[in-house]
2 protein chains.
Amino acid sequence: MGEAEQLSLGSRTALFREGQPARHVFTLMHGTAKLTRLLPDGREQVLGFRFAGDVIGYTGGETYLFAAELLTPATLCRLERGRFDALMRRLPALERRFLDLCVQELAATQDQLVTVGRRTAEARLAAFLLQLAASRRLRLETGTVLDMPMTRSDIADFLGLTLETVSRGFTAFRRRGWVREPSHNHVELLNPRALTELIEGAACD
Amino acid sequence: MGEAEQLSLGSRTALFREGQPARHVFTLMHGTAKLTRLLPDGREQVLGFRFAGDVIGYTGGETYLFAAELLTPATLCRLERGRFDALMRRLPALERRFLDLCVQELAATQDQLVTVGRRTAEARLAAFLLQLAASRRLRLETGTVLDMPMTRSDIADFLGLTLETVSRGFTAFRRRGWVREPSHNHVELLNPRALTELIEGAACD
DNA sequence: CGTGCTATTGAGAAAAATCAAACGTGGTGG
DNA sequence: CCACCACGTTTGATTTTTCTCAATAGCACG
């Protein structure tokens, strides 16, 4: 794909906003982004986070259905929508791949719906941390300490909570020795098992 | 598509369960179904409702990622997975159509995430009722009275609430004259505008 | 005409939000 | 280089929302 430009952008840059004409499809080469829906009163719902290797901004229609914002400095490939569509028409395998990708994203969003709709604050946070760990494993990154570039507020907007509740959750996990924060923007899961049990077994034991 | 069988099934029949091998793809010809994820403790999250014309049970992988259950007696077309895949391979247009469909479902699930994650109980209920009305409009059905075959408990499991909270919501809407329930399993939206405002403008006015 | 299910209503408890204050930390400019 | 400032975070007290538990009422079906 020699047709794509390469970009390097700073932290907190907006890739695009909800409702804008969908002019580009991006691939995140390095860095982290969040996808969000804005509410009329200014609050936002984070739909998900995206990491190195993820494709961002594919839409069936003419406009983006959500906003994308970088959480870290990042490098991306940017492909014009027209070229993307042409590529798609030319290569049925690509279309196939995007269908699979879309099914996967749908499943992930359904997971998130379960988490937000039916779990307690601490269980939501546990699910988020385990998700982070799993997505990192998928990217074959080594080491036990996770990058966590999102703020408490980002996490809260992802989990349908307030930032205070998220903060209290981290404090609780730290006190129980389930989690360690060796430095700003880094977490280590010391007891993933306990986090899993918090999610599955509703009660204590 | 002469390859599909036609089925007539009774209310509350399970089409398939979460985790089962995905042997069929269904098209709902008449009736209503709910798609659900089961939680370890027996509670469930409703992922969505499906109506006449909707395709149910397409999965990328080998197993269903959620369960599907009829809420009413229904007639369906059932196509074997192998035949479905063959059809897909033969007809690129079909693949294209399923990609669009998947993108749409993704957007709908993201909407639902916003509703469950960031709205009050009454706003969630309002969003649900307006969604019902919109989906009915898409199906070009006439009349102002909506079929609502789902129980309070189904609605609660969709909105991340309890059935009592849903019931109180209906009572409140009825008292305000926003909604009427002419008979069991039917609703009429007397003031859709008020419902919209409840969702958008957080406050009273 | 019961009987079982769904829905409503109420009272009290629990979870999370809100409001408020203080803390730490990294970055900036003097 | 240090002090200060802005921002994210933590923590606490209180309020609000929603859940839970419980009892009653309404309906459809047999």
Side-chain angles (χ1 to χ4, degrees), chain A residues 10-12 34 39 41-46 69 71-73 115-128 148-176 179-187 198 202-204, chain B residues 10-12 34 39 41-46 71-73 115-126 128 148-176 179-187 198 202-204:
Chain A
S11 189
R12 295 282 162 184
K34 67 170 177 181
L39 286 128
D41 59 3
R43 293 176 308 155
E44 65 179 34
Q45 175 69 40
V46 172
E69 181 182 326
L71 298 182
T72 64
T115 292
V116 172
R118 284 274 160 261
R119 297 201 224 269
T120 64
E122 285 195 1
R124 292 184 212 187
L125 187 54
F128 165 71
M148 195 177 57
M150 48 293 278
T151 66
R152 302 298 190 227
S153 180
D154 290 329
I155 299 168
D157 288 336
F158 183 49
L159 298 176
L161 299 169
T162 60
L163 69 95
E164 292 95 331
T165 302
V166 171
S167 180
R168 286 183 234 274
F170 272 105
T171 303
F173 289 176
R174 241 182 284 124
R175 274 210 257 272
R176 288 172 214 158
V179 142
R180 201 169 65 93
E181 295 187 271
S183 61
H184 192 50
N185 285 356
H186 295 276
V187 224
L198 179 61
C204 42
Chain B
S11 190
R12 295 282 161 184
K34 67 170 176 181
L39 286 127
D41 60 4
R43 293 175 308 155
E44 66 179 32
Q45 174 69 40
V46 172
L71 297 183
T72 63
T115 292
V116 172
R118 284 273 161 264
R119 297 204 226 268
T120 64
E122 286 195 0
R124 292 184 212 186
L125 186 54
F128 165 71
M148 194 178 58
M150 47 294 277
T151 66
R152 302 296 190 228
S153 180
D154 290 329
I155 298 169
D157 288 338
F158 184 49
L159 298 177
L161 299 169
T162 60
L163 70 94
E164 292 94 331
T165 301
V166 171
S167 180
R168 287 183 234 275
F170 272 105
T171 302
F173 289 176
R174 242 182 284 125
R175 274 211 255 274
R176 288 173 214 159
V179 142
R180 201 171 65 94
E181 295 187 90
S183 61
H184 192 50
N185 285 356
H186 295 276
V187 225
L198 179 62
C204 42

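Worth knowing before you read on, the calculation uses all heavy atoms, side chains too, and leaves out hydrogens, waters and symmetry mates. In what follows, chains are A, B, ... by sequence order, proteins preceding strands, each numbered from 1.
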When you measure from the side chain of B:Arg124 to the backbone N and O of B:Arg119, does any donor-acceptor pair fall under 3.5 Å? yes
Which whole-number value in Å describes the distance from A:Arg12 CZ to D:dA6 C1'? 15 Å
Is there a residue in residues 115-126 of chain B whose heavy atoms reach under 4.0 Å of DNA chain D, and which residues are they? B:Thr120, B:Ala121
Atom-to-atom span, CZ of A:Phe170 to C1' of D:dT11 - whole angstrom: 16 Å
Are any non-hydrogen side-chain atoms of B:Val46 and B:Met150 less than 4.5 angstrom apart? no
Hey, does A:Ser167 reach any base, or is it just sugar-phosphate, or nothing, if we go heavy atoms under 4.0 Å? base
A:Glu181 atom CD is separated from C:dG24 atom P, nearest whole Å, by 15 Å
A:Thr165 side-chain N/O to C:dA17 phosphate OP1/OP2 under 4.0 Å: yes
Distance in angstrom units between A:Asp154 CG and D:dG8 P, rounded: 9 Å
Reckon A:Leu163 touches a base, only the sugar-phosphate, or nothing at all at heavy-atom distances under 4.0 Å? base
Does C:dT9 have OP1 or OP2 under 4.0 Å away from a side-chain N or O of B:Thr171? yes
Once you apply a heavy-atom cut-off of 4.0 Å, does A:Gly169 come out as touching a base, just sugar-phosphate, or nothing? nothing
I want to check something: taking the side chain as every heavy atom from C-beta on, are B:Val187 and B:Phe173 in contact at a cut-off of under 4.5 Å? no
Determine yes or no for a side-chain-to-main-chain donor-acceptor pair under 3.5 angstrom, with A:Asp157 supplying the side chain and A:Asp154 the backbone. no
Measure CZ/A:Arg152 against C1'/C:dG24 and give the value in whole Å, please. 13 Å
Could you tell me whether the side chain of B:Thr171 and the main chain of B:Ser167 form a donor-acceptor pair under 3.5 Å? yes
Could you give the CG-to-P distance, from B:Asp157 to C:dA7, as a whole number of Å? 12 Å
Could you check whether A:Thr162 gets within reach of a base, just the sugar-phosphate, or nothing at all, counting any heavy atom under 4.0 Å? base
When you compare the side chain of A:Arg12 with that of A:Leu71, does any pair of heavy atoms fall below 4.5 Å? yes
Produce a footprint string for nucleotides 21-30 of chain D: one letter per nucleotide, 5' end first; B if the base is under 4.0 Å from any protein heavy atom, S if only the sugar-phosphate is, - if neither. B---------
Rounded to whole Å, CZ of B:Phe173 lies from C1' of C:dT8 at a distance of 16 Å
Going from CG on B:Leu161 to CZ on B:Phe128, what distance comes out if it is rounded to the nearest 0.5 angstrom? 11.5 Å
A:Met150 CE - D:dG8 C1' separation (whole Å): 15 Å
Is A:Glu44 close to A:Lys34 at the side-chain level, that is, under 4.5 Å between some pair of heavy atoms? yes
Which atoms form the tightest heavy-atom contact between B:Leu39 and B:Gln45, and what is the distance? CD1-N, 4.2 Å
